[in-house]
Amino acid sequence: MDKARPSIKDLHARLSQGETKSVDLTQQSLDHAKNSDSLGTLFLSLREGRAMAAAEAADQRAKQGKRLGPLDGIPIAIKDNIVMKDEVATCGSQFLRDYVSPYDSHVVGKLKEAGAVIIGKTNLDEFAMGSSNEHSAYGVVRNPWDRDRVPGGSSGASAVCVAAGIAPLSLGSETGGSVRQPASFCGVVGVKPTYGRVSRYGLVAFASSLDQIGPFSWWVEDAALLLQVIAGRDERDSTSAAQAVDDYPQTIQKPIDGLRVGLVRDFTATDLDAAAEKNFSTAVEAIRGLGAKTVEVSLPHLKYAVGCYYVINSAEASANLARFDGVRYTSRSKDHGNLKDLFVNSRTQGFGVEVKRRIMLGTYVLSAGYYDAYYGKACKIRHLIREDFIKAFAKCDVILTPTSPCEAFPLGAKLENPLQMYLSDVFTASINLAGLPAVSVPSGFSEQGLPFGLQIIAPDFAEGRALGVAHHYQQSTDWKDMRP
Amino acid sequence: MKPVERYEAVIGLEVHAQLSTQTKLFCGCATQFGAKPNSNTCPVCLGLPGALPVLNRQAVEFAMRAAMATHCSFVTPKAAPHKSLFARKNYFYPDLPKGYQISQFDQPLAVNGSIAVQFDEATRKIGITRIHMEEDAGKLLHDSLGQDADKSLIDFNRSGVPLIEIVSEPELRTPEEAAAYCRKWRQLVRYLQICDGNLEQGSMRCDANVSVRPRGEKKLYTKTEIKNLNSFRHIQKALAYEIDRQITCYEQGEAVVQETRLWDADQEVTRPMRSKEEAHDYRYFAEPDLLDLQLTSEWIAAVKQVIPELPDDKLERFRQEYALSTYDALFLTQDQQCADYFEAAAAALSADKGEKERFKEIANWMMGDFTKALKDYAGSFATTKVTPKHLASLVELIATEAISGKIAKSVFAEMFQSGQTPEKIVTAKGLQQLSDEKQLRQIVEKVIDAHPKEVQQFQEGRDKLFGFFVGQVMRASQGQANPRLVNELLRAVLSK
């Protein structure tokens, strides 16, 4: 069958056989990226010359029969909070407008070793704070299925790149759903690996105890290939896991019949749009149809997840962003009489509203007299949430939820109501708190033609299992070849 | 009673010691002092976006040595056994590249230890509240910039250099005792080879918390914190000033304000820091980029292995094994090199009777002429040309009366300059002591013959003239006559 979207395996075969050249794939990607104004600001920097040089090198290797692996010569876009040597890393912020990183992040190093062609750095909510990609200092990103709607965030542009076919692969980052939620909104596959599975070295920190880098792809198999390349122990990240990395592309082929699938009793209908609920039920039926059994599991502390998540991410962000003080980096207020004014004015002028909101929140919850009531308590709840999941996984192999309680919302719809925006993280943020892996896979469309996503959550380091369920499910769906 | 005597001071010290690891606490950059500004830096110690800290194992081991040497416990009340946590201490300052310092807060490496401080002939145990690890900040350079005097420069070479902070219980009572406590720590960190103990270069720094209270009171009065104490002399002077200031406050019916004060070494006063600089809520929280630091019993045992004999134990052993006074033993154990030198020299002595006296002789040389010479030529026991064996030989030559004590002084001076053995010097210069009775008797008789007037006076009762005869004999023998024999012979001859 001629797939609407070529898989990496297809591209790999064509490149190996000389039917396609990396320079052609790369040129197509770059051209497409440059002609995508209708999708808003997708790229914060395009590596036109350097990407083409990398593609030529890949073609040389192909000619000599020395291809480095399945990603050799494949174009990929990376989120602009992942640093790359000699490339600008703005993080969507005015603060880092001209900041050029002097070093490669771990994942960029891995992609280079694999021969992947990095075409550019994608737009994001400033410092990855947001669920709509509307909080970038460089403009909004539009949803390819409906250009008046958001693509989700914070890795919105990375999701759009894959959805629109600009690149077959991209990398985003997660703190509380920032890969899975835009994947769901844009109808692509998004993976949040286990905390510690992918090194954070070179990922500009938002909330260090929650952050993970994750792949976007059209096909689940492609996400598995990309994860294979970037996963593994890195001595430079103390929190990266020593655990051996699965062979994901092989693991996902394993049939899923007999698999015990957990459904969460504690979600109530009010958490969900009616359409989203219907979509979820249908997806669960489909998975049952593939031979999986469903069991009910309880996650009693889940209702505290969003509050807990915002306390923790704000607290950590308030420290992580303290280095942007006007002394170093691009943004320094000209208006300062003394040191304190330099700090205050530079930060007031350099950060956007959402970032400032988080910094204020985080500073508050860590303050003397409030620490125990907020941050201290949130850490305790976080522990309980993780315990809930561990107990649940004694009864099941994966847990299913919708990725998002709703489909992509209109641009601006939630800008004035940050709490509403935060609540859309209900299904995703708890996973980051628990440190677990999860995959979002397209699960069909709403009546307005907007994609939904199904979230498959697995125990620690069982990315392969979650990807396997997603893969078999994706292969069984009718919409896998539908493109925006 | 004078006002000063009606009060006592309560002093607690925070000593910061820079660990002498090759690399920084969280990255592989060199720690060496005096490198070109910003040359020992990387994304991690510059706090660049995306960079992450990785804990230096050697730094942990150095900190463990300090904790173990002061009987601290690795079991902190709030933490699991042998576990400690790093925390972010948040504050803004241009020399702090991340906007927070990685330190330890409520779960420090070690707690509840003690250190014995010798002061005024007495030994007092001072409690150690806690020892924790942290990274240093960079260094701001404001001056000597000529036309750019309105600019500040930042050198990040020091950023991320490992420190331990040692907090004492408020158990010190006088400025002198506080200085003795700091000296004790300097001695200890040098013995442990974890810090060079150099206050001038800032590798040891000290902040003091001090309050005064009427003698006999148990409760603590308001304290002030004094910063910027970078020599033992300053510690003593600043505390003396501050104690005096606080007493004056109370005597004049004023309150002491809790505040941070800076020692002004030029004016020799303490001054309050601007309140802005001290009004800090550091918003500590666990550092999410690092794992909990879990010490295993194997690790603790391995570190214990490398802890050398410590000064207090060595002092006691020297007193016993070498029959030395506390005074001598204190001198010899002041640092590892000095103690090692003494023991090497003692070991080189032949094991005869009278060994104990010769141990004392070695000590005397080391404390006297040797130390003076080392001072004059800026040398040390570790680098001197005089080997311990040579010093032992010199002491043996005196003990066997091969040379006189007086001659020995000039032999030592020669040894110090040339590194020659004392035997060679004595032979080459013909400095052997004249102990041949026959030869000596001839000299004595010659002197007696030459001074009939003095002999007569002596025999009439002018006893003091005996010294005159000794002097004449020594002179006639070019200083080589054995003084003991000269005495005996003169007495025999003159009493005839």
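None of the values given here were measured: they were computed from a predicted structure. Below, read A as the first sequence line, B as the second, and so on, with proteins coming before strands; counting in each chain starts at 1.
Of the listed residues V365(A), V83(A), T363(A), the one with more heavy-atom pairs under 4.5 angstrom with chain B than any other is T363(A). Interface summary for chain A: among A286(B), C27(B), P94(B), G99(B), the most heavy-atom pairs under 4.5 angstrom belong to P94(B). When each of A51(B), P97(B), C42(B), P53(B) is checked for heavy-atom pairs under 4.5 Å with chain A, P97(B) comes out on top. Counting heavy-atom pairs closer than 4.5 Å to chain A, the top residue among L48(B), L46(B), V44(B) is L48(B). Of all the listed residues (S199(A), S101(A), S209(A), G202(A)), the one sharing the greatest number of non-hydrogen pairs under 4.5 Å with chain B is G202(A). Ranking L342(A), N81(A), N320(A) against chain B, the residue ahead of the rest is N320(A), based on heavy-atom pairs under 4.5 Å. Residue with the most contacts toward chain B among C91(A), S318(A), S208(A), P102(A): S208(A) (heavy-atom pairs, distance under 4.5 Å).
For the residue pair N123(A) / S136(A), a side-chain donor-acceptor distance below 3.5 Å is found, with atom types taken as modelled.
Only the backbone of L96(B) comes within contact range of chain A, judged by heavy atoms closer than 4.5 Å. Of the atoms belonging to A207(A), not a single heavy atom falls under 4.5 Å from chain B. Heavy-atom distances place the side chain of L339(A), and not its backbone, under 4.5 Å from chain B. For chain B, no part of F127(A) is nearby; none of its heavy atoms comes within less than 4.5 Å. Only the side chain of F343(A) has a heavy atom closer than 4.5 Å to any heavy atom of chain B. Contacts between N90(B) and chain A at a heavy-atom distance below 4.5 Å involve the side chain alone, from C-beta outward. Contacts of R328(A) with chain B are made by side-chain atoms alone, with heavy-atom separations under 4.5 Å and no backbone atom involved. For a residue to count as touching a neighbouring chain, one of its non-hydrogen atoms must lie under 4.5 Å from one of that chain's; by this rule T239(A) touches chain B with backbone and side chain alike. Interface remark: Y284(B) contributes backbone atoms only to the contact with chain A (heavy atom separation under 4.5 Å). If you measure heavy-atom distances from V327(A) to chain B, the contacts under 4.5 Å come from the side chain alone.
In this structure, F95(A) has its ring center no closer than 6.0 Å to that of Y329(A). Ring centroid separation for the pair Y100(B) and Y91(B) does not come in under the 6.0 Å cut-off. In summary, the aromatic rings of Y103(A) and Y201(A) are positioned with their centroids under 6.0 Å apart.
With S84(B) as the partner, the side-chain hydrogen bond (donor to acceptor under 3.5 Å, both in side chains) test is satisfied by one option alone out of K78(B), H132(B), Q104(B), Q294(B): Q104(B).
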Going through the checks in order, is the side chain to side chain contact (heavy atoms under 4.5 Å, CB included) test met by F74(B) and M68(B)? CA-CA 9 Å; F74(B) 292 121; M68(B) 287 155 103; 3.8 Å; yes
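With respect to the salt-bridge test (charged N to carboxylate O, under 4.0 angstrom), the residues E235(A) and R233(A) qualify.
Side-chain contact between D80(A) and T122(A): absent, with no pair of heavy atoms (C-beta onward) separated by less than 4.5 Å. Side chains of M133(B) and F62(B) form no contact here, defined as non-hydrogen atoms less than 4.5 Å apart.
For D211(A) (side chain) and F206(A) (main-chain N/O), a donor-acceptor pair under 3.5 Å exists by modelled atom type. Using modelled atom types, no side-chain atom of E259(B) and backbone atom of P272(B) make a donor-acceptor pair closer than 3.5 Å.
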